[in-house]
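Residue numbering restarts at 1 for every chain, and letters A, B, ... go by the order of the sequence lines. These values consider heavy atoms only, across backbone and side chains, with no hydrogens, waters or symmetry-generated copies.
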Amino acid sequence: MSAWSILTAIREDPEILRVSQQRRGLDIDIVEEAVRLDTEWRKTRTDLAELQRQRNQVAQQIGKTKDKEKKDQLIQQSKQLSEKVSVGEQRLVGLEKTRLDALRTIANIVHESVPEGIDETEARPEKYVGKPRIWKDHLDQFLESAQEKKVDYELVDEQPKSHYDISEESGLIDTARAAKVAGSRFYYLIDDIVWLDLGLALYALDNITKHGFKPLIPPNMLNHAAYSGVTDITAFEDSLYKLENQDLYLIATSEHPIAAQHMNEVLEIKELPLRYAGYSPCYRKEAGAHGKDTKGIFRVHQFSKVEMFVFCHPDESWDWIEKMIAIEEAIWTPLNIPFRIVTLPSGDFSRVASKTYDLELWMPSQGRYREFVSCSNCTDYQSYRLNIRFAEKRGHPTKGFVHTLNSTVIATTRSITTILENNVQPDGRILIPKPLLPYLKPIESAPDKYITPMHMKKK
RNA sequence: GCCGGGGUAUCCUAGCCUGGUAGGGAGCAGGCCUGCUAAGUCUGUGUCCAUGGGACUCACGGGUUCGAAUCCCGUCCCCGGCGCCA
């Protein structure tokens, strides 16, 4: 009996998978294919075992037989059986691969609480926090996106500046020179912004470790075997940087090395849940995002991020996703930037996840909330692929696959964009969110209350 | 990068030269024994397919062979030494 939910569904109730695939807008026929391949694989497996049994029996007799003639006869028999076995083995290997490919093509089962829909406009708003400043020309689109929810807001007449304009004018972020030496979507962070970047990371790490998450700086590269366990193969071409002539990929998020660290391990029930707070650079090609968020540092090839990750007992993952989004709320609310929490619709989140909440922060210049945090329950999807199981004790029969969850805490550069836009003062200085100040205080050259544009600084 | 040593089940370890059911110990679980505990003793202890059982598993992948933990080739990882290095 397999405890992997997708295999269980294949054998007991494939309809679950058809519905789930349909809700995501993915291929449904693959389910039929997987059922067929699984049945055929099991039959082949059983037939082969019988042949192997016969061969082993004969091979053992050969060892015991002294009589020359009798022995030769047995060897002949064994030869024939061996040939049959090897044919069967080849067939099984082929079948095993196609079966597994089919199974792994099926996306994680969409949770029942996930709303229907294929794009981000169909995300279900769950909660609004803070009072966004809305430019009068953005009001209509804002009210539409709020979907009936009553949200407190402040109407402004003047068009808000984009983070790009603010960073250009302040001289604290240089994307032009970065483009010269590396290309678009790179940046130099300068002076006060460097401290803000580090302050954000420290604030995130400090708070998250208070919730029992163990801080972790992971490898920034993973090999193919580990990477194909944590995510979908198709993500490779689109988003990952690969090192030349080496079996190594730059990580797109610390979620990946954190998840992969327990690959092929059996965890003991008493050590669950395992909670990690990862801090790492993230590298993303952003292929397919041409034309989107091209200016500034909202969408870049490289950024730092603090991430939380949980390995837990399967019975507890649905509690954990609620706890994690609550932690997000507790971390973001004090930063005093308006945000909302949404549940992503069935067709608009990663196939690895069963359900995803996004925390979206207000971007005054765009007149809408944008994704800053993604919080997912991946149930047993990653743990099956990475073979991470749990047992009463190590070495005892396993009871199934653990569940994994992950959530952004703070992605630093993107977070800087919303701080710039929401906190810029009439004189051009940027108010630093209060909770970050203690982390900057010990540093002599760090700003103490406002981030100051270069031209306003005393030399 | 070079030389040497290694990778056996939850852990430790034997077996490898000389191919023929992977042995022992520890831990853990259960049974027996015991007034109780300890000791003793027996059984179990990974994965998969089936429910009479069977197959697979000695880092990974090939090869030789009727038969490979064992012999041959390749790869990865770990340890020690040398070299290089922030």
Side-chain angles (χ1 to χ4, degrees), chain A residues 1-8 10-12 34-104 217-229 242-243 245-249 257 260-272 274 281 311 380 383-402:
Chain A
M1 247 276 280
S2 166
W4 182 36
S5 54
I6 287 183
L7 189 54
T8 306
I10 284 285
R11 292 183 182 175
E12 290 170 14
V35 169
R36 187 181 66 75
L37 285 167
D38 183 54
T39 311
E40 197 181 334
W41 171 78
R42 287 156 84 182
K43 170 140 182 27
T44 308
R45 187 94 196 62
T46 310
D47 293 349
L48 176 63
E50 173 56 22
L51 281 173
Q52 287 168 320
R53 187 187 65 78
Q54 290 175 22
R55 181 204 55 186
N56 290 351
Q57 237 173 29
V58 176
Q60 270 178 43
Q61 278 177 37
I62 294 171
K64 289 178 194 152
T65 306
K66 297 279 182 282
D67 182 73
K68 178 90 169 57
E69 210 167 298
K70 179 88 178 140
K71 197 164 185 163
D72 285 347
Q73 202 185 333
L74 284 169
I75 286 175
Q76 280 311 308
Q77 200 185 339
S78 179
K79 250 183 194 167
Q80 283 170 15
L81 281 167
S82 268
E83 250 158 60
K84 278 192 197 168
V85 165
S86 119
V87 169
E89 273 171 351
Q90 273 171 31
R91 179 144 181 267
L92 191 71
V93 167
L95 208 49
E96 208 145 49
K97 192 185 175 318
T98 44
R99 166 184 175 271
L100 207 57
D101 283 350
L103 285 172
R104 286 167 64 127
I217 293 180
N220 293 178
M221 303 175 202
L222 288 179
N223 63 32
H224 185 278
Y227 233 124
S228 59
K242 185 180 187 310
L243 266 63
N245 300 325
Q246 290 200 66
D247 179 27
L248 285 174
Y249 297 81
Q261 70 182 313
H262 293 298
M263 185 165 76
N264 296 324
E265 288 184 22
V266 176
L267 305 173
E268 294 189 7
I269 284 180
K270 67 168 191 279
E271 60 187 340
L272 297 175
L274 285 172
F311 296 87
D380 59 4
S383 56
Y384 171 76
R385 296 164 74 107
L386 289 165
N387 189 28
I388 304 172
R389 293 163 296 161
F390 67 98
E392 205 66 53
K393 296 266 319 175
R394 282 210 177 75
H396 282 230
T398 51
K399 301 200 161 181
F401 296 94
V402 299

* Asked: Just by distance, with hydrogens left out, do A:Gln73 and A:Gln77 show a side-chain donor and acceptor under 3.5 Å apart?
  -> no
Check the distance between [N]'s [atom2] and [X]'s [atom1] and give it to me in whole angstrom.
{"X": "A:Ile269", "N": "B:C28", "atom1": "CD1", "atom2": "P", "value": "18 Å"}
{"X": "A:Arg99", "N": "B:C49", "atom1": "CZ", "atom2": "C1'", "value": "10 Å"}
{"X": "A:Asn223", "N": "B:C76", "atom1": "CG", "atom2": "P", "value": "12 Å"}
{"X": "A:His224", "N": "B:U75", "atom1": "NE2", "atom2": "C1'", "value": "17 Å"}
{"X": "A:Asp47", "N": "B:A50", "atom1": "CG", "atom2": "C1'", "value": "12 Å"}
{"X": "A:Lys79", "N": "B:G67", "atom1": "NZ", "atom2": "P", "value": "9 Å"}
{"X": "A:Lys399", "N": "B:C28", "atom1": "NZ", "atom2": "C1'", "value": "14 Å"}
{"X": "A:Glu268", "N": "B:A29", "atom1": "CD", "atom2": "P", "value": "12 Å"}

Write down the protein N/O and nucleotide N/O pairs, taken from nucleotides 43-47 of chain B, whose separation is under 3.5 Å; answer none if there are no such pairs.
| residue | atom | partner | partner atom | Å |
| --- | --- | --- | --- | --- |
| B:U45 | O3' | A:Gly395 | O | 3.4 |
| B:U45 | O2' | A:Gly395 | O | 3.0 |
| B:G46 | OP1 | A:Pro397 | N | 3.0 |
| B:U47 | OP1 | A:Thr398 | N | 3.3 |
| B:U47 | OP1 | A:Thr398 | OG1 | 2.7 |

| query | Taking it one step at a time, do A:Ile269 and A:Lys399 satisfy side-chain contact (heavy atoms from CB on, under 4.5 Å)? | reply | CA-CA 9 Å; A:Ile269 284 180; A:Lys399 301 200 161 181; 4.2 Å; yes
Assert: residue with more 5' nearest nucleotide on RNA chain B, out of A:Lys43 and A:Ile75, is A:Lys43
Side chain proximity check, [X] to [Y], heavy atoms < 4.5 angstrom:
{"X": "A:Gln76", "Y": "A:Asp72", "result": "no"}
{"X": "A:Leu92", "Y": "A:Trp41", "result": "yes"}
{"X": "A:Gln52", "Y": "A:Glu89", "result": "yes"}
{"X": "A:Trp4", "Y": "A:Leu103", "result": "yes"}

Self-check item: Inter-nucleotide C1' distance (B:A9, B:A26), Å rounded
Solution: 13 Å
Exercise. For A:Arg91, look at atom CZ and say whether over 12 heavy atoms of other residues, nucleotides or ligands are found less than 6.0 Å away.
Key: no
Extract from the structure each pairing of a protein N or O with an N or O of nucleotides 20-23 of chain B at less than 3.5 Å, listing the distance.
| residue | atom | partner | partner atom | Å |
| --- | --- | --- | --- | --- |
| B:G20 | N2 | A:Ala59 | O | 2.7 |

Hits for side chain to side chain donor-acceptor pair (under 3.5 Å) against A:Asn220, two or more places apart or cross-chain, chain-then-number order -> none
Side chain to side chain donor-acceptor pair (under 3.5 Å) filter on A:Gln57, not counting sequence neighbours, yields none
Tabulated below should be each protein N or O lying under 3.5 Å from an N or O of nucleotides 51-59 of chain B; please produce it.
| residue | atom | partner | partner atom | Å |
| --- | --- | --- | --- | --- |
| B:A55 | O3' | A:Gln52 | OE1 | 3.2 |
| B:A55 | O2' | A:Gln52 | OE1 | 2.5 |
| B:C56 | OP1 | A:Arg55 | NH2 | 3.1 |
| B:C56 | OP2 | A:Asn56 | ND2 | 3.1 |

Pairs under 3.5 Å (Watson-Crick or G-U), crossing ones as [ ], inter-strand ones as |: RNA chain B comes out as (((((((..((((......[..))))((((((.......))))))((((...))))..(((((..]....))))))))))))....
Strictly below 4.0 Å, N to O, side chains only: are A:Lys43 and A:Glu40 in salt-bridge contact? no
